[in-house]
Amino acid sequence: MIATLKERTTAVNDESKSIAWNFYGGAMMDHYNSFGFTLVSVTPKGEGCCSVKWSVEFEKANENVPTPNAYVNLLDKITRELPAKLH
């Protein structure tokens with residue numbers, strides 16, 4: 001399944017290495033009134049290794065909408081695969 005949505009970067013902090021995105025438009029927004037990711041921090045843990053903290057904020061359109069676990073899993077996958085993509 002292919003899903004499309006629009007996003008905007010809402011905050012960038014070079015010092016703390018944090019970035020925030022809000023999503024709007026697209027089919028996902030049929031289920032959520034608001035949805036956003038924040039890359040809260042990136043902390044070096046040794047050569048070629050970092051600890052990454054994400055925050056996911058959302059407001060469900062109604063109580064029947066599931067918690068967005070698939071998006072959290074996607075963030076985990078992206079984070080784990082990113083170092084290999086940077087070399």
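- Side-chain contact between E57 and F35 is absent, with no heavy-atom pair separated by less than 4.5 Å.
- Connection of M29 to L5 is established within a shared hydrophobic cluster, with ILVMFWY side chains joined at heavy-atom distances below 4.5 Å, either directly or through further cluster members.
- Here F23 and Y32 keep their ring centres 6.0 angstrom or further from each other.
- Side-chain atoms of T79 and W54 form a donor-acceptor pair, as typed in the model, at a separation below 3.5 Å.
- Looking at S18 and L39, their side chains never come closer than 4.5 Å, going by heavy atoms from C-beta outward.
- Proximity of a side-chain donor or acceptor of K60 to a complementary backbone N or O of V65 within less than 3.5 Å is detected.
- Residues V72 and I19 fall within the same hydrophobic cluster, defined by Ile, Leu, Val, Met, Phe, Trp and Tyr side chains chained together at heavy-atom separations under 4.5 Å.
- Nearest heavy atoms, N62 versus N64: OD1-N, 2.7 Å.
- A continuous path of ILVMFWY side-chain contacts below 4.5 Å connects W21 to V52, so both sit in one hydrophobic cluster.
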Requested in this report: Report the C-alpha distance between F37 and L75 in whole Å, list the side-chain angles of each, state the deciding distance to 0.1 Å, and finish with yes or no for side chain to side chain contact (heavy atoms under 4.5 Å, CB included).
Outcome: CA-CA 9 Å; F37 295 148; L75 285 175; 3.6 Å; yes
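- Aromatic rings from F58 and Y71 are positioned such that their centres are separated by 6.0 Å or more.
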Requested in this report: For the pair S34 and E59, evaluate side chain to side chain contact (heavy atoms under 4.5 Å, CB included) and give the outcome as yes or no after the intermediate values.
Outcome: CA-CA 5 Å; S34 63; E59 179 186 346; 3.4 Å; yes
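- Between V40 and S55 the shortest side-chain heavy-atom distance falls below 4.5 Å.
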